[in-house]
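In what follows, a structure is listed as structure tokens, so that the remarks can point back to it.
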Amino acid sequence: MNSLQDLHKTASSFQTTVKMPVLFVGHGSPMNALADNAFTQTLHRLGLDIRDRQPPRAVLVVSAHWLTRGTFVAVNERPETIHDFGGFPQELFAMQYPAPGAPDVAREVLQALPDAHPTDEWGLDHGTWTVLHHVFPEADIPVFQLSISYHQPLTYHAELARQLQFLRRRGVLILGSGNIVHNLRQSMPKLMADDPTPYAWASEFDEWAKAKINQRDLHALAHYQQAGASGPLAVPTPDHYIPLLYSLALAEPDDDIRHAYEAVEYGGLSMRTFVVG
């Protein structure tokens, strides 16, 4: 436990700021880190827009690729770039995203989430750095991650996210990184054939999710099976879907929601990306 003096020092170091936006990014393949395409150009423009409005003091990422039993907050001062994938070109493995960590902000999160645990055994996984490489290519903004407590019900994640609302007024940009539709098994034949066209069920679910996002209907999104047969196909496992719930749960009544990028690719991969606020 921090002493009261330490807590006061930490809290006073973060003055109230203009409310930061929240992002959800459908991150897709790690190869997007090397790509210059409509998706990565969208990410670059988002980063420029955010800097123009107010440069973040830190970025908190909820990534589909940090799944844990319990909730953990990374407190590293210098998080490593994690290459958590295989079978890709050496050029991708050579990439680094040398952003500093944000241990002071991480302590704020730990104070707000009493059941969360600090850890320095995680860096920046590819759900984080392949996105931020385009959003903030200078890697000059501190970054840290919040893990997904994978065995909790989906409603748990929306409730936990709401406890982080205060960060938006402390200069912290919160980013959920996953994919609303993510069925690699069904997508693999199209990936192998370089066929980017979507399956009908994938497009159907992506549009259903868009409507629920616009309605801010977290209850429906947490019970995605009600979308019909497309639900279990689009979300065979919830790991890539859960970050959506974090991003949307952070929306406040006066926030606009803008869909910055919309596409379903290679059968069953939704690249939908939206901005809250």
Side-chain angles (χ1 to χ4, degrees), residues 20-68 72-107 109 118-148 167 171-179 182 239-240 242-243 246-247 260-261 269 271 273 275:
M20 294 297 298
V22 178
L23 301 183
F24 173 79
V25 175
H27 63 245
S29 167
M31 287 297 291
N32 280 314
L34 297 171
D36 181 7
N37 55 33
F39 170 66
T40 62
Q41 290 164 16
T42 296
L43 297 182
H44 182 67
R45 288 193 297 271
L46 286 174
L48 292 176
D49 178 62
I50 291 166
R51 278 193 187 274
D52 286 345
R53 292 164 63 176
Q54 176 178 292
R57 291 181 173 180
V59 182
L60 169 58
V61 182
V62 180
S63 166
H65 295 282
W66 192 17
L67 308 176
T68 54
F72 291 82
V73 182
V75 296
N76 316 47
E77 292 190 2
R78 288 286 168 184
E80 67 173 314
T81 302
I82 304 173
H83 299 86
D84 50 336
F85 42 69
F88 291 99
Q90 182 56 38
E91 184 182 3
L92 188 61
F93 286 94
M95 289 188 71
Q96 296 290 313
Y97 191 77
D104 287 348
V105 191
R107 284 193 287 272
V109 172
T119 182
D120 60 4
E121 297 181 357
W122 195 257
L124 306 179
D125 62 54
H126 82 265
T128 296
W129 66 264
T130 66
V131 172
L132 292 180
H133 169 71
H134 296 290
V135 179
F136 300 124
E138 298 87 354
D140 57 340
I141 297 174
V143 183
F144 69 113
Q145 291 193 215
L146 174 73
S147 77
I148 292 173
L167 291 173
V172 180
L173 174 70
I174 302 175
L175 164 65
S177 179
N179 293 98
H182 187 264
D239 44 299
H240 278 69
I242 289 171
Y246 280 85
S247 295
Y261 191 81
L269 294 173
M271 302 298 292
T273 294
V275 184

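Within the 4.5 Å cutoff, the side chain of Val143 has no heavy atoms near those of the Pro79 side chain. Taking the side chain as every heavy atom from C-beta outward, Asn76 and Phe144 never approach each other to under 4.5 Å. Residues Val172 and Met20 form no side-chain contact, since every pair of their non-hydrogen atoms from C-beta on lies 4.5 Å or further apart. Within the 4.5 Å cutoff, no side-chain heavy atoms of Val135 are placed close to those of Val25. Contact of the Pro89 side chain with the Met31 side chain is registered, since non-hydrogen atoms from C-beta on lie closer than 4.5 Å. Residues Phe85 and Leu92 form a side-chain contact, since some pair of their non-hydrogen atoms from C-beta on lies under 4.5 Å apart.
Between Asp49 and Arg53 there is a salt bridge, since at least one side-chain N of the basic residue sits less than 4.0 Å from a carboxylate O of the acidic one. Classification of Asp140 and Arg51 as a salt-bridged pair holds, one side-chain N sitting under 4.0 Å from a carboxylate O.
By the neighbour-count criterion of 12 heavy atoms within 6.0 Å, atom CD of Gln54 is densely surrounded, having more than that number from other residues, nucleotides or ligands. In the displayed structure, Glu121 atom CD is contacted under 6.0 Å by at most 12 heavy atoms of other residues, nucleotides or ligands. Counting non-hydrogen atoms of neighbouring residues, nucleotides and ligands closer than 6.0 angstrom, the NE2 atom of His44 reaches no more than 12 such neighbours.
Minimum heavy-atom separation, Pro118 to Val75: CB-CG1, 3.9 Å. Nearest heavy-atom pair, Tyr246 versus Ser147, reported as atom, atom and distance to 0.1 Å: OH-O, 4.4 Å. Among all heavy-atom pairs drawn from Ser247 and Leu175, the shortest one is OG-C, 4.5 Å. Residue Pro30 comes nearest to Phe88 through the heavy atom pair CD-CZ, 3.8 Å, listed as atom of the first residue, atom of the second, then distance. Counting all heavy atoms, side chain and backbone alike, Ala139 lies closest to Pro100 at O-CD, 3.8 Å. Pairing each heavy atom of Ile50 with each of Phe136, the nearest pair is CG2-CZ, 4.1 Å.
Note: Leu34 CG to Asp36 CG = 11.0 Å, rounded to the nearest 0.5 Å. Taken to the nearest 0.5 Å, the CG atom of Asp84 stands 7.5 Å off from the OG atom of Ser63. Atom-to-atom distance recorded for Leu173:CG and Leu23:CG is 5.0 Å, nearest 0.5 angstrom. Atom-to-atom distance recorded for His182:NE2 and Asp239:CG is 7.0 Å, nearest 0.5 angstrom. Taken to the nearest 0.5 Å, the CZ atom of Phe72 stands 12.5 Å off from the CG atom of Leu67. Note that the NE2 atom of His27 and the CH2 atom of Trp129 stand 11.5 Å from one another [nearest 0.5 Å].
In this structure, Thr40 contributes its side chain and Ala35 its backbone to a donor-acceptor pair below 3.5 Å. A donor-acceptor pair under 3.5 Å is formed between the side chain of His83 and the backbone N or O of Met95.
Between the side chains of Ser29 and Asn32, no donor N or O sits under 3.5 Å from an acceptor N or O.
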**Study point:** Verdict with reasoning, His65 to Thr128, per side-chain contact (heavy atoms from CB on, under 4.5 Å)
**Key:** CA-CA 9 Å; His65 295 282; Thr128 296; over 6 Å; no
**Study point:** Derivation and outcome, side-chain contact (heavy atoms from CB on, under 4.5 Å), residues Thr273 and Phe24
**Key:** CA-CA 5 Å; Thr273 294; Phe24 173 79; 5.7 Å; no
Exercise for review: Determine, stepwise, if the pair Tyr261 / Leu43 fulfils side-chain contact (heavy atoms from CB on, under 4.5 Å).
Suggested key: CA-CA 9 Å; Tyr261 191 81; Leu43 297 182; over 6 Å; no
Point to revise | Pair Val105-Leu60, side-chain contact (heavy atoms from CB on, under 4.5 Å): steps then yes or no | key: CA-CA 9 Å; Val105 191; Leu60 169 58; over 6 Å; no
